[in-house]
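The structure appears below as structure tokens.
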Amino acid sequence: MILKLILKLAVPIPKLTSFENYLFIGPHPDDIEIGAGGTAAYLASLGKKVTFLICTDGRYGSDKIEPDALVEIRKNEAIAAAKHLGVNDVIFLPFSDGGQYDVKDLTTEIAKIIATVKPDVVFCPDPELKTELHPDHLNAGRSASNAFISVMAKGLMAKYGLENHTVKAISYYYTNRENSYVKLKGFKEKALESIALHVSQFPQETPEQIKTLTLLKFYLKMRSLKHGLRRFCLSAEGFCTLPTFYTHCAPEAEDM
């Protein structure tokens with residue numbers, strides 16, 4: 001307990017809005033908007049540098065659209081949704097969704113992007129969430145976490161002709177161990193609007209489809225209210241944020 005208190009005082013959880021350069025990593029073209037869209041929009045509105053990195057092409061996200069055609073559709077939807085949030089820099093990796101790829105390759109590609117973009121903060125899904133079963137979500141979170149560490153190695157990154165880089169914090173969305181929050185100041189609605197721009201994933205042609213999107217929006221509103229009340233406001237997004245010091249050989253940081 002005393003050591004944990006000392007750690008908190010010596011290396012506090014950083015205020016997420018205090019940085020300048022952010023990289024949001026999404027397993028699929030719609031995950032950033034669902035998990036952290038309000039935060040991305042708010043940061044972009046402050047003039048921060050915000051980049052989206054999408055790990056898989058989403059080709060298997062529909063039973064009605066042929067996979068190769070769906071890749072292009074989802075790419076265009078992702079660009080439009082990001083633009084709605086005020087983000088113009090969207091990077092796509094060439095992996096197919098479904099988890100049938102080498103996670104080491106995904107880690108390498110994410111590390112290359114981190115070394116190129118040089119973000120202060122990396123956002124990604126929480127790979128330790130016990131209820132998460134989707135392999136792409138777990139792989140993206142684990143690979144981003146691994147890349148967060150490996151990109152610091154000068155010799156390793158030199159193999160790819162890149163400089164090493166130290167990210168100041170990693171921040172997990174899709175988490176139940178929140179320790180930091182971003183007040184959205186009205187940007188939650190913009191995030192919900194951006195989700196609807198992923199039409200191939202959320203078509204509104206049948207009552208059941210309309211119900212699915214309505215339920216998702218309601219859930220996200222209630223979640224933002226829960227997080228907001230923890231920060232004495234009506235809307236916020238919550239994250240598990242770890243400054244770099246906590247990400248290696250600091251077990252007391254687990255419950256920070």
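A side chain to side chain contact (heavy atoms under 4.5 Å, CB included) with Tyr173 holds for exactly one of Asp31, Ile25, Asp126; it is Asp31.
One distance of note links NZ of Lys8 with CG of Asn179; it measures 9.0 Å at 0.5 Å rounding. To the nearest 0.5 Å, atoms CG (Leu129) and CG (Leu138) are separated by 8.5 Å. Rounding to the nearest 0.5 angstrom, the gap separating the OG1 atom in Thr56 from the CG atom in Asp97 is 4.5 Å. Rounding to the nearest 0.5 angstrom, the gap separating the CG atom in Leu85 from the OG atom in Ser194 is 4.0 Å. Here CD of Gln100 is found 9.5 Å from CG of Asn139. Values are rounded to the nearest 0.5 Å. In this structure, the separation between CG on Leu93 and OH on Tyr101 is 10.0 Å, given to the nearest 0.5 Å.
Relative ring orientation between Phe123 and Phe24 is described as parallel, the plane-to-plane angle staying below 30° on a 0-90° scale split at 30° and 60°.
In this structure, Ala236 and Leu184 approach most closely via the heavy-atom pair CA-CG, 3.8 Å. When all heavy atoms are compared, the tightest approach of Lys188 to Ser235 is CB-OG, 3.5 Å. Closest approach of Leu197 and Ala81 over heavy atoms only: CD1-CA, 3.8 Å. Between Lys118 and Asn21 the shortest heavy-atom distance is O-ND2, 3.1 Å. Shortest non-hydrogen contact noted between Leu242 and Ala253 is CD2-O, 4.5 Å. Across all non-hydrogen atoms, the minimal contact from Lys183 to Arg231 is CE-O, 3.2 Å.
Under the 3.5 Å distance criterion, the side-chain polar atoms of His227 are matched with a main-chain donor or acceptor of Gly238. Judged purely by atom type and a 3.5 angstrom limit, Glu132 has no side-chain atom pairing as donor or acceptor with the backbone of Pro127. Of the possible donor and acceptor atoms, one in the side chain of Thr244 sits under 3.5 Å from a partner among the backbone N and O of Lys168. For Tyr246 (side chain) and Glu254 (main-chain N/O), no donor-acceptor pair under 3.5 Å exists by modelled atom type. A donor-acceptor contact shorter than 3.5 Å is absent between the side chain of Glu109 and the backbone of Leu106.
Placement of Val199 and Leu192 in two distinct hydrophobic clusters is found when ILVMFWY residues are connected by side-chain heavy-atom separations under 4.5 Å, directly or transitively. Linking ILVMFWY residues whenever their side-chain heavy atoms come closer than 4.5 Å, directly or via other members, leaves Leu70 and Phe202 in distinct clusters. In the hydrophobic clustering of this structure, Ile114 does not group with Val121; members are Ile, Leu, Val, Met, Phe, Trp, Tyr whose side-chain heavy atoms approach within less than 4.5 Å, directly or through other members. Put simply, Phe52 and Ile91 are part of two different groups of oily side chains (I, L, V, M, F, W, Y) that touch within less than 4.5 Å, one to the next. Cluster annotation: Leu220 is connected to Tyr174 through the hydrophobic network of ILVMFWY side chains, with a link wherever side-chain heavy atoms come within less than 4.5 Å.
Remark: His248 engages no residue in a ring-ring contact (aromatic ring centres under 6.0 Å, His included) (not counting sequence neighbours). Not counting sequence neighbours, the partners of Ser96 by the side-chain contact (heavy atoms from CB on, under 4.5 Å) test are Asp57, Arg59, Tyr60.
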Working for side chain to side chain contact (heavy atoms under 4.5 Å, CB included), residues His134 and His28: CA-CA 11 Å; His134 199 301; His28 306 111; 3.4 Å; yes

Worked check of ring-ring contact (aromatic ring centres under 6.0 Å, His included) between Phe239 and Tyr172: CA-CA 5 Å; Phe239 306 94; Tyr172 296 108; over 10 Å; no

Stepwise side chain to side chain contact (heavy atoms under 4.5 Å, CB included) test for His165 and Met152: CA-CA 5 Å; His165 174 67; Met152 289 188 260; over 6 Å; no

Trace of the side chain to side chain contact (heavy atoms under 4.5 Å, CB included) decision for Lys226 with Leu229: CA-CA 5 Å; Lys226 179 187 76 170; Leu229 292 177; over 6 Å; no

Intermediate values then yes/no, side chain to side chain contact (heavy atoms under 4.5 Å, CB included), Phe19 and Lys48: CA-CA 8 Å; Phe19 301 99; Lys48 311 287 188 177; over 6 Å; no

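Using a cut-off of 4.0 Å between Lys/Arg side-chain N and Asp/Glu carboxylate O, Arg74 and Asp30 are scored as salt-bridged. With salt bridges taken as basic N to acidic carboxylate O contacts below 4.0 Å, one links Arg223 and Glu178. Classification of Lys211 and Glu208 as a salt-bridged pair fails, no side-chain N sitting under 4.0 Å from a carboxylate O.
Taking 4.5 Å as the limit, every side-chain heavy atom of Tyr219 sits out of range of all side-chain heavy atoms of Met222. Residues Thr241 and Pro14 are in side-chain contact: their nearest non-hydrogen atoms beyond the backbone lie under 4.5 Å apart. Thr247 has its side chain within reach of Ile170: a pair of non-hydrogen atoms, C-beta onward, lies under 4.5 Å apart.
Relative to the ring axis of Tyr181, Arg230 does not place its NZ or CZ within 45° and under 6.0 Å from the centre. Geometrically, Lys75 engages Phe92 in a cation-pi contact, judged by NZ or CZ lying under 6.0 Å from the ring centre and within 45° of the ring axis.
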Extract all donor-acceptor atom pairs below 3.5 Å that involve side chains of residues 32-43 and protein atoms in other chains or at least two apart in sequence.
unit_1	atom_1	unit_2	atom_2	d
Glu33	OE2	His198	NE2	3.1
Thr39	OG1	Glu237	OE1	2.6

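Counting non-hydrogen atoms of neighbouring residues, nucleotides and ligands closer than 6.0 angstrom, the CG atom of Leu234 reaches no more than 12 such neighbours.
Side chain to side chain, Thr51 and Lys49 meet the donor-acceptor criterion of an N or O pair below 3.5 Å.
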